[in-house]
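Worksheet: the structure to be examined is printed underneath.
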Amino acid sequence: MKNSNSKTSALSEKEGVAAPEILKTKSAAAIQGLRKKQPSAEELISGILAGNITSLSRAITLIESTNINHLAKANTIINACLPYSKKSIRIGITGVPGVGKSTFIEAFGTYLTGLGKKVAVLAVDPSSTISHGSILGDKTRMEELVKDKNAYIRPSASGETLGGVARKTRESITLCEAAGFDTVIIETVGVGQSETAVHSMVDFFLLLKISGAGDELQGIKRGIMEMADAIVINKADGENIAKARAAKVEFNRALHLFPAKNSGWNPKVMTSSSITKEGIEEVWKTITEYLKLTSDNNYFEVKRQEQNQYWMMETIEEQLKNDFYNNPTIQKLLIENKKAVQNNELSPFAAATVLLEHYFKK
Ligand code: GDP
């Protein structure tokens, strides 16, 4: 934590970037007191609605908790915050490690706060469970933005499954919006399934790429291209400029082959550099054009409604699965039945039926 002093680092580590004003004026003892006292759901709600970052961080910690009492308290807070989550734009940013996501978010976020916006940065990083520390949304990687009083950066939640991590991030969006953040950026790595999860919680999905050795489209998953509302060829500076422009032409050509989007939006390809800041403004201009189009044709609202339903179904599936696989009898039966299926003593369907019957009779 390069930007924290030793007195405050413990608190800000646990609770995201806590309000600098509060942390600067409180003594270490007072902070300890603050940590011990458990504010009620009502206190946290009014704190969040007043834009208090400490309340926001505490409520997100409740969302991330596995304690059943915390879950109930978190749900009360989320429900109270829901009506305030309308006036915002949620932007998903994905790209492989090293493509320049955090540098881009730093430059883009700083540009946005310069326009008077309030920017929250959240992350979906399922690998953080394995590596015991999240890389995405890491505050030390966004040194300028972290000091900006109009920005809030929260590292990825950890959890056993992508679904769990994604749910926590999605619920945190609601709280950030209620706390007055009008622009919410969700960062994720371009490997595995996490892009799909992030795509289903944002209004605009941005794919970061860098120009390669020529065959730009090689190795890129079709599904990700299809999800993108914009592709930004990053690091378009110095010797890379010509290559980035060539990549832009190639991506543009490839995008024409995809079917038209329900939004009525034609995905854009742009180049940008977080070093020279060239292209940053254009990315925002593109997003505002998208906002205008999808507000006018009502797609923005319809998509959010669909996403709400999607997350309800996802949560049901996630919790059913968790409950099933954590059931000790099922765990025992699963081992036995897997063996029986492997040895052709039982058909896969018969084995599944036995397990499900056991579970539902529990
Ligand atoms: P992430 O893993 O996708 O978050 O990537 P980082 O933001 O950590 O950037 C990876 C490396 O690329 C770092 O060494 C950055 O300094 C460098 N980088 C990021 N953005 C740019 C850019 O716009 N231009 C250049 N030349 N380098 C960049």
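Numbering of ligands and ligand atoms starts at 1, following listing order. Below, all heavy atoms of this structure are taken into account, side chains as well, without hydrogens, waters or symmetry copies.
Ligand 1 has at least one atom lying under 4.0 Å from a heavy atom of Val96.
Remark: among candidates Thr103, Leu208, Thr94, the nearest residue to atom 15 (C) of ligand 1 is Thr103, based on non-hydrogen atoms. Of the candidates Gly98, Gly95, Ala107, it is Gly98 that places a heavy atom closest to atom 10 (C) of ligand 1.
Residue-ligand proximity, Asp237 to ligand 1, at heavy-atom distances under 4.0 Å covers atoms 22 (C), 23 (O), 24 (N), 25 (C), 26 (N). Each of the following atoms of ligand 1 lies closer than 4.0 Å to a heavy atom of Ser274: 22 (C), 23 (O). Near Ser273, the atoms of ligand 1 lying under 4.0 angstrom from a non-hydrogen atom of the residue are 23 (O). The ligand atoms of ligand 1 that sit less than 4.0 angstrom from a heavy atom of Pro97 are 2 (O).
Side-chain N/O atoms of Tyr359 and Thr329 include no donor and acceptor closer than 3.5 Å. Side chain to side chain, Thr294 and Ser263 fail the donor-acceptor criterion of an N or O pair below 3.5 Å. Inspection of the Asp148 and Thr113 side chains reveals an N or O donor paired with an N or O acceptor under 3.5 Å.
At distances below 3.5 Å, not a single donor-acceptor pair connects side-chain atoms of Ser194 with backbone N or O atoms of Thr188. In terms of modelled atom types and a separation under 3.5 Å, the side chain of Ser156 and the main chain of Asp125 share a donor-acceptor contact.
Residue-to-ligand polar distances place Ser102 within reach of ligand 1: an N/O pair is separated by less than 3.5 Å.
Between Arg304 and Asp203, at least one side-chain N (NZ, or NE/NH1/NH2) sits under 4.0 Å from a carboxylate O, which counts as a salt bridge.
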